Each structure stands twice: as structure tokens, then as C-alpha cells.
Amino acid sequence: MKIIIVGASGTMGKYLTSAFKKEHEIVRVGSKSGDVQVDITSPEEIENFFKQVGPFDALISTAGPTFVGPWKKMTDKEFRKGVEGKMMGQINLVLIGQHYINPKGSFTLITGSLTHEPQLNFANASAANGAVEGFVRAAAIELGNGIRINAVSPTVIEDSPQYFPYFPGEIPTTMKQLEYGFRKSVFGANTGQVIKP
Ligand SMILES: NC(=O)c1ccc[n+]([C@@H]2O[C@H](COP(=O)([O-])OP(=O)(O)OC[C@H]3O[C@@H](n4cnc5c(N)ncnc54)[C@H](OP(=O)(O)O)[C@@H]3O)[C@@H](O)[C@H]2O)c1
């Protein structure tokens, strides 16, 4: 399979790239890193990106920039980081990418447990996650040609110990659990699901 991983240089993306690269052709993507660069906040860059990469079988996104910080500093400007990044960035990967993906292909987007279990400082991610999960359910009944779409929604992950203090009482998602959540979406038959690894 030709699998695009947007966010391949990040904590999740690096792990998934190394897990899938033995059996699949991986296109590693980031705004400043990877084989091909695209800033997902720009629809024009996304269109050019898909033209450059050509047809593909699966797209995984682990790129979802959001504002993390105290509630009192959360203004319209800060909030738009998640709206234009994690929300519209990922939505545009699908709205534009649907014209380039092979029949029976799949999209897998990243959300997170903050959708339903808020933590202090993360309101921007909670809101963006909720929007992406609503989009995934709607897109699943719109996409043609057997194309599937799911979201993977972990809690704080094992390889991000810097976030543990912000998630008191949460047992971190292991990297293996995360990988198998993505495997379920990319290689399974489900669509419109929010997969909690
Ligand atoms: N880490 C956790 O514990 C955890 C738990 C649940 C959910 N999540 C969510 O999972 C996602 C990924 O987390 P992570 O910890 O793997 O993040 P990360 O280590 O910060 O990596 C982010 C990746 O996204 C790329 N990226 C960032 N902005 C981009 C843009 N505008 N256009 C294209 N690529 C962009 C980065 O590459 P460049 O630098 O080259 O742009 C990098 O490869 C986030 O949305 C986060 O909210 C994380």
C-alpha cells in the first residue's frame, strides 16, 4: 500500500512510520520535515501536495496543531490555531484528498480523549477534536468508491511524558495500542468510527 503519513516526524508519526515501513510504501510529510512538505493550514498547499504525490491508498494524519495554555490567555487568535490547524487542516486533507485517493482507500485522522475528558489548558484541542469527530461521521456517509474514514482517539501517549502532569489519573496509551488503533482503521473494514486504542 502507498500510505501518506502527515506528521511523520512527530512522536506518533515516527512510531507509525517505523511500524508500517517494512510492508508498505510510506510518504513522510510535515510542514518543515519529511519527504514532501505541506502546511495543512493552507488549502492551496494541500492541493499542490496531492498533485505532487499522486494517487495513494491510505492517508494517516497525526498532525493537529492546537493552542495549549492557560484559559485566560485563550483569545480568538489563540483558538484559531486549533481551528485552522487540527480542525480545518485535517478536514481539508480529506475534502481535497478525496479527489486523489484510490478507490477503497482510507483516511485516518487524529483526535484524542480530550473530546470527552477535558483537562486544564486544552480547551482548544477539545473543541477541534469534537469538530473532527463530527466530520468523520458525516464524511463516512458521503465518500464514494468504497473510501473509508475514521479517527483515532488516544489519551496521553506513552512516549509523551512531558504531558503526563496535565493528565492526572490517566493511564497512558502505549505506543503498541496506538499502532493497533491505526491498524484497525487502515487495514480493517470500519468507517465513520472513533477508535479508542
Ligand atoms: N502526544 C500525545 O500524548 C497525544 C495524545 C492524544 C492526542 N494527541 C494529538 O495527536 C497529534 C499528534 O501528536 P504528537 O505528540 O505526535 O505531535 P508532535 O510530536 O508535535 O508532531 C506533530 C507533527 O505534525 C507536523 N505538523 C505540525 N503542524 C503542521 C502543519 N501545519 N502542517 C503539516 N504538518 C504539521 C509536524 O511536522 P513539522 O514540524 O515538519 O510541521 C510533526 O511531524 C496532535 O494533534 C495531538 O493533539 C497527542
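Reckoned from all heavy atoms, side chains included, excluding hydrogens, waters and symmetry mates. In listed order, ligands and their atoms are each counted from 1. It should be emphasised that the depicted structure is a prediction, and the values quoted were computed from it without experimental measurement.
Across all their heavy atoms, I46 and G89 have their closest contact at CD1-O, 4.0 Å.
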Could you list each nitrogen or oxygen of ligand 1 that sits under 3.5 Å from a protein nitrogen or oxygen, with the atom names and the distance?
residue	atom	partner	partner atom	Å
ligand 1	1 (N)	S160	OG	3.0
ligand 1	3 (O)	I157	N	2.9
ligand 1	16 (O)	T11	N	3.3
ligand 1	16 (O)	M12	N	3.0
ligand 1	19 (O)	T11	N	2.9
ligand 1	19 (O)	T11	OG1	3.1
ligand 1	31 (N)	D39	OD1	3.0
ligand 1	32 (N)	V38	O	3.3
ligand 1	32 (N)	I40	N	3.0
ligand 1	34 (N)	S31	N	3.4
ligand 1	37 (O)	S9	OG	3.4
ligand 1	40 (O)	S31	N	3.2
ligand 1	40 (O)	K32	N	2.8
ligand 1	40 (O)	S33	N	2.9
ligand 1	40 (O)	S33	OG	2.6
ligand 1	41 (O)	S31	N	2.9
ligand 1	41 (O)	S31	OG	2.5
ligand 1	43 (O)	G7	O	3.1
ligand 1	43 (O)	S9	N	3.3
ligand 1	43 (O)	S9	OG	2.7
ligand 1	43 (O)	G10	N	3.1
ligand 1	45 (O)	G64	O	2.9
ligand 1	45 (O)	K86	NZ	3.3
ligand 1	47 (O)	K86	NZ	3.0

Can you give me every donor-acceptor pair (side chain of residues 128-138, partner residue at least two apart or in another chain, under 3.5 Å) with its distance?
residue	atom	partner	partner atom	Å
N129	OD1	K86	NZ	2.8
N129	ND2	G112	O	3.3
N129	ND2	A125	O	3.4
E133	OE2	T111	OG1	2.7
E133	OE2	T115	OG1	3.1

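D35 has a carboxylate O that lies under 4.0 Å from a charged side-chain N of R28, or vice versa, which qualifies the two as a salt bridge.
Residues satisfying the side-chain hydrogen bond (donor to acceptor under 3.5 Å, both in side chains) test with E179, not counting sequence neighbours, are K176, R183.
Not a single donor-acceptor pair under 3.5 Å links the side chain of N150 to the backbone N or O of T108.
Using a 4.5 Å cut-off between side-chain heavy atoms of Ile, Leu, Val, Met, Phe, Trp and Tyr, F167 falls into a hydrophobic cluster with V68, L114, F122, V156, Y163, F164, Y166.
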